[in-house]
Protein chains: 2
Amino acid sequence: MTEIQIAQSVTPKHIKEIAAKLNIPEDKLEYYGNDKAKLPLDIINEEKVSNNNLILVTAITPTPPGEGKTTTSIGLVDALNIIGKKAVVVIREPSLGPVFGIKGGAAGGGWSQVIPMEDINLHFTGDFHAIEKANNLLAALIENNIQSKTRSLGIDPRTVIWKRCMDMNDRGLRNIVSALGGKAGGVPRETGFNITAASEIMAILCMASGLEDLKERCGNIYVGDTWEGRPVFAKQLNAEGAMAVLLKDAIKPNLVQTLEANPAIIHGGPFANIAQGTNSIIATKMGMTLSDYTVTEAGFGSDLGAEKFLNIKCRAAGISPKTIVVVATIRALKYHGGKSLKEITKEDVEALKKGLPNLERHITSLKSFGIPIVVSINAFNSDTEAEINVIKNHCKKLNIPVALSFGWEKGGKGCTDLATEVVKAAESCTSKYQPTYSLEDSAHEKMNKIGKTIYGADKVVLSKLAASQLRKFEGMGYSNLPICMAKTEKSFSDDQKLLGRPENFEITIREFEIATGAGFIIPIAGAMLRMPGLPATPAAERITIDKNGVIEGLF
Amino acid sequence: MTEIQIAQSVTPKHIKEIAAKLNIPEDKLEYYGNDKAKLPLDIINEEKVSNNNLILVTAITPTPPGEGKTTTSIGLVDALNIIGKKAVVVIREPSLGPVFGIKGGAAGGGWSQVIPMEDINLHFTGDFHAIEKANNLLAALIENNIQSKTRSLGIDPRTVIWKRCMDMNDRGLRNIVSALGGKAGGVPRETGFNITAASEIMAILCMASGLEDLKERCGNIYVGDTWEGRPVFAKQLNAEGAMAVLLKDAIKPNLVQTLEANPAIIHGGPFANIAQGTNSIIATKMGMTLSDYTVTEAGFGSDLGAEKFLNIKCRAAGISPKTIVVVATIRALKYHGGKSLKEITKEDVEALKKGLPNLERHITSLKSFGIPIVVSINAFNSDTEAEINVIKNHCKKLNIPVALSFGWEKGGKGCTDLATEVVKAAESCTSKYQPTYSLEDSAHEKMNKIGKTIYGADKVVLSKLAASQLRKFEGMGYSNLPICMAKTEKSFSDDQKLLGRPENFEITIREFEIATGAGFIIPIAGAMLRMPGLPATPAAERITIDKNGVIEGLF
């Protein structure tokens, strides 16, 4: 069975039944069809948040198809419910663009999925569309102000850093010249589009504590400079009110269900290589209000998602996980041990052993946060007992609990061992996480601490351009912002070819961006694309719908 | 009270109560919150459609603020319900872009509005967003094919006529150069964005008979030519399946309510100057299935909206109105009589008389369809009795029933006179409408018939470019398509300065476009903008939301 066939084989329960499991009164639900609902922000209860067991699911350095963090998160929540815990999974919304490219979707896999899978992977409740509109309204207002004779802020068109966005893999929009066609068409300039998940509005939505905070953050967005070199912010364009109006529903988390009819809250979807890579703070707090165990994930390997989850999101939200689950696959560890993607389905204990330092480095990095760790081996048919024993023994040596999980094949009942280990670990957790850096550290100091503690790098060096940009941002008064690293997900280093556990390397920051609304300084290590393209044979060509409304080819 | 304050003063009933008025079973409703629902296509019953009284609301040549067709349509439906008829209003969805510009919204006015007004004017149920995605997915697939080494269709980038779209007034996107940045960025070319309401996907959605037909129409879209000059269609890119998947919910009409809790179906929103200017065929048929009287509107003056409503939409759908209501305002007739927009609120019987030929010409044009006509004077406080009597007497002389309507001020009870006249007229209607041209006529013949019969022009002439384009399209086998004129809404002629009733003029077709999916040949008279800009002080600057979620400044 394909992912979509499995998803279609289960009829979703009415969402009010799912809400009832969380004791949400029916009149709080804003329905989107029978199987999706938005939840109002006043559900959040800070006291309940502080008593919750938050479980973060992260991973080793992933291979291109991913190691199954979302699948594990969903399977774990189903399993926690099986062993008698009131648990909810809180995850990101998938981006539409990649659905038509290679990726398919991002709603779990096999028997650990969230449904209605098609809707979640398509327009869902329109959050991404609303983010896109808010982003592009600001762009239109900037364009209009540059064109204005009477109300000009004197924006130098060459300095505008605010790009438009679109949730579509369209390489042709990456770099454009806009506003051609003579006087009525505006002032021509070089610009481009980001994919919506990479826009600062997405980051803001996921950092905001509420609608007022969201509005203020929108006003604080830095868009470019005047001809005199003074920074211009969105609030000078009176943009934040209309942007907040466009986001008034998008800020509300979405309730859906797993295939086993357990509650899933899905909200926000920033990428983890260029943004913070985790769902909204609001959704996490809502999950924590409504359950005893809240399972969430942060994108890519722990060097990206988990680091930002802790140093950016948990710090801002005042929350702390009780356990961190590291998802590893035997396939991926063989890949880190030097095998090609084609070879990793064959038994190869030697390659696996050679790849183990990658897992070990993730464990070392995560230990710095002082939170209990559990390793979850996301099982594949190709795994052999000999291979499984190698990881198990290695984890035993490191004194880290380990569990095999079969979420893809068996759903929740395939993850009860993991759930048991997670509960044990969470119950043993006695303290809050230890951040990697203090907000009072200088930006360079912060980066060096991330580089050394998390990546295992010798140091972080700045290009000439980066150094001058950082001086500018510090001069603007943004020294105390946290760091949101933009780095390849394929390696601990900034060189995607350095698999396994690279050593004796430096991280070079090519340039900086700043997201003054979201509240990040973004060092860019290497060339990070913010607008993907489609592959030679896009998934879109296989996707269709028949006359009965049944969708094919989505996965 | 402002429009939004009036709208906010009425608490919408639960949409299932509105559905109950139409005898729609509750399990057919797909809720979007408590006050909006999507309706499945299987509700449509062709026999009921054929027994319905369809009422078309059109207007004289409008002034920039519009003459109140939507307000009249909503007031009329409320009034029909008051006088004991089972009536539903079926109208277009407003476009988001203009909401942030000058226009405000398009959900009626005063006490004749549809609610929830804010949602309807913002994201509503996401139909425009879905249309935008389907449009832009095709653009991404074209871009990707041009870039492809292995699967190239040999598309000549200079010939690509398919543009991206965005529902935002953003002049900077009107003309762009895309795909810059070297090899990985694609093949640079001149292109641009249309506003979403102007995209062919919007036209297709409104012409489609169902999801299968929609998919087929998407496949039939002409996107450009190969280097050898052969036409390339969307189906050659295998695009139509994924496009239909993106549109699977957008194709379902939306049920909302008037301020007086009567049913309103809102679906699709093509502009009337460049596209067909009326809601979807599916929505009209659904309204006709569910009621005895279906009131609908077609954009701008009768020369644009009504002509296309009859010759394009009614012909394709096999439906025919029982009465055509022509909305006139005394203000606008004084404007056509030579007064400025500032002067038209003062009594001026002479100017009014000088403007009457505009109304008369609309009546003459509409008479050619052979359907009963009723004139509705949309009342304003500034109207005087002397002025009102001038129109009334003039209509009496022309033997056309006339009624004053006070929808803005009084809602349904302000429109009962109009409702009574409409019922009388509809009951007197014994035949189907007479089209202006036959599909077998040549394109030039069709245009000449529209020009002479509807515009009162001497003839329609083609530029050299237009003539050669038409030869190409006829050579491609599209001679039998109906004509969708793109012409200014400000005059019967193609010169927006010729107010009133122009005479002795020609219509010049500058160029042609063709919408092979929607099924139109589009002659373009004059310079028609498909992407508006924002005004000097955009409405966006006034729009905001407070911490209780109350929106201000939307109107």
Side-chain angles (χ1 to χ4, degrees), chain A residues 30-34 96 100 122-123 126 129-130 133 136-137 139-141 143-144 147-148 150-151 166-181 184-186 211-212 215 238-239 241-242 244-246 248-249 533-534 536-538 540-541 543-545 547 549 551 553-554, chain B residues 30-34 96 100 122-123 126 129-130 133 136-137 139-141 143-144 147-148 150-151 166-181 184-186 211-212 215 238-239 241-242 244-246 248-249 533-534 536-538 540-541 543-545 547 549 551 553-554:
Chain A
E30 197 179 317
Y31 292 116
Y32 283 68
N34 292 328
L96 183 61
F100 299 112
L122 294 168
H123 309 294
H129 299 332
K133 291 299 161 213
N136 293 340
L137 175 61
L141 290 169
E143 201 73 48
N144 200 52
Q147 176 82 341
S148 176
T150 52
R151 304 179 69 240
M166 187 187 285
D167 194 8
M168 191 59 67
N169 285 16
D170 187 349
R171 71 168 64 75
L173 292 178
R174 211 176 277 156
N175 297 291
I176 69 169
V177 171
S178 67
L180 296 166
L211 191 57
E212 284 291 292
K215 188 162 71 176
N238 302 318
V245 166
L246 284 167
K248 75 180 175 67
D249 296 312
L534 289 170
T537 305
E541 296 191 25
I543 295 172
T544 192
I545 185 165
K547 61 178 186 294
I551 296 174
L554 200 52
Chain B
E30 196 179 317
Y31 292 115
Y32 284 67
N34 292 328
L96 183 61
F100 298 112
L122 294 168
H123 310 293
H129 299 332
K133 292 297 161 214
N136 293 340
L137 174 61
L141 290 168
E143 201 74 48
N144 200 52
Q147 176 82 340
S148 176
T150 52
R151 303 178 71 240
M166 186 187 286
D167 194 7
M168 192 59 68
N169 285 16
D170 187 349
R171 71 169 65 75
L173 291 177
R174 210 176 279 156
N175 298 290
I176 69 168
V177 171
S178 67
L180 297 166
L211 191 58
E212 283 291 291
K215 188 162 73 177
N238 302 319
V245 166
L246 283 167
K248 75 179 175 65
D249 296 311
L534 290 170
T537 305
E541 296 191 24
I543 295 172
T544 193
I545 186 166
K547 61 179 186 293
I551 295 175
L554 199 54

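Within every chain, numbering begins at 1; the chains are lettered A, B, ... in the order of the sequence lines, protein sequences first and strands thereafter. Keep in mind the model is a prediction, meaning the values are calculated, not measured. Below, each value reflects all heavy atoms present in this structure, side chains not excepted, and no hydrogens, waters or symmetry copies.
Expressed to the nearest 0.5 Å, how far CG of A:L246 lies from CG of A:D249 amounts to 10.0 Å. Here the CD atom belonging to B:E30 is positioned 14.0 Å from the OH atom belonging to A:Y31, to the nearest 0.5 angstrom. In this structure, CE on B:M166 lies 5.0 Å from CG on B:L173, to the nearest 0.5 angstrom. Atoms CD1 and CD1, on A:I176 and B:I176 in that order, are 4.0 Å from each other to the nearest 0.5 Å.
With a 4.5 angstrom heavy-atom cutoff, B:L534 touches chain A via backbone and side-chain atoms both. Interface residue B:K215: only side-chain heavy atoms are found under 4.5 Å from chain A. Only the side chain of B:L122 comes within less than 4.5 Å of a heavy atom in chain A; its backbone stays farther off. Residue contact with chain A, scored on non-hydrogen atoms closer than 4.5 Å, involves the side chain of B:L96 exclusively. Residue B:A540 touches chain A through both its backbone and its side chain, counting heavy-atom pairs closer than 4.5 Å. Contacts of B:E212 with chain A are made by side-chain atoms alone, with heavy-atom separations under 4.5 Å and no backbone atom involved. Of the two parts of B:L137, the backbone and the side chain both hold a non-hydrogen atom closer than 4.5 Å to a non-hydrogen atom of chain A. Only the backbone of B:N169 comes within contact range of chain A, judged by heavy atoms closer than 4.5 Å.
Nearest approach of A:T544 to B:G241, heavy atoms of both residues: OG1-CA, 3.3 Å. Residues B:I543 and A:V245 approach most closely at CG2-CG2, 3.7 Å, considering heavy atoms.
With chain B as partner, the option from A:S148, A:G549, A:G186, A:A242 having the largest number of non-hydrogen pairs under 4.5 angstrom is A:A242. Highest contact tally toward chain B, considering only A:A139, A:A184, A:A244, is held by A:A184 [criterion: heavy-atom pairs under 4.5 Å]. Counting heavy-atom pairs closer than 4.5 Å to chain B, the top-ranked of the candidates A:K248, A:M168, A:R171 is A:R171. Heavy-atom pairs under 4.5 Å with chain B were tallied for A:G126, A:G533, A:G553, A:A130; the largest tally goes to A:A130. Considering only heavy-atom pairs separated by less than 4.5 Å from chain B, the leading option among A:E143, A:K547, A:R151 is A:R151.
Looking at residues two or more places apart in sequence or on another chain, you find no side chain to side chain donor-acceptor pair (under 3.5 Å) involving A:N175. For the ring-ring contact (aromatic ring centres under 6.0 Å, His included) test, residues two or more places apart in sequence or in another chain that qualify with B:H129 are A:H129, B:H123.
Checked by atom type and distance alone, the side chain of A:R174 never pairs as donor or acceptor with a backbone atom of B:A179 at under 3.5 Å.
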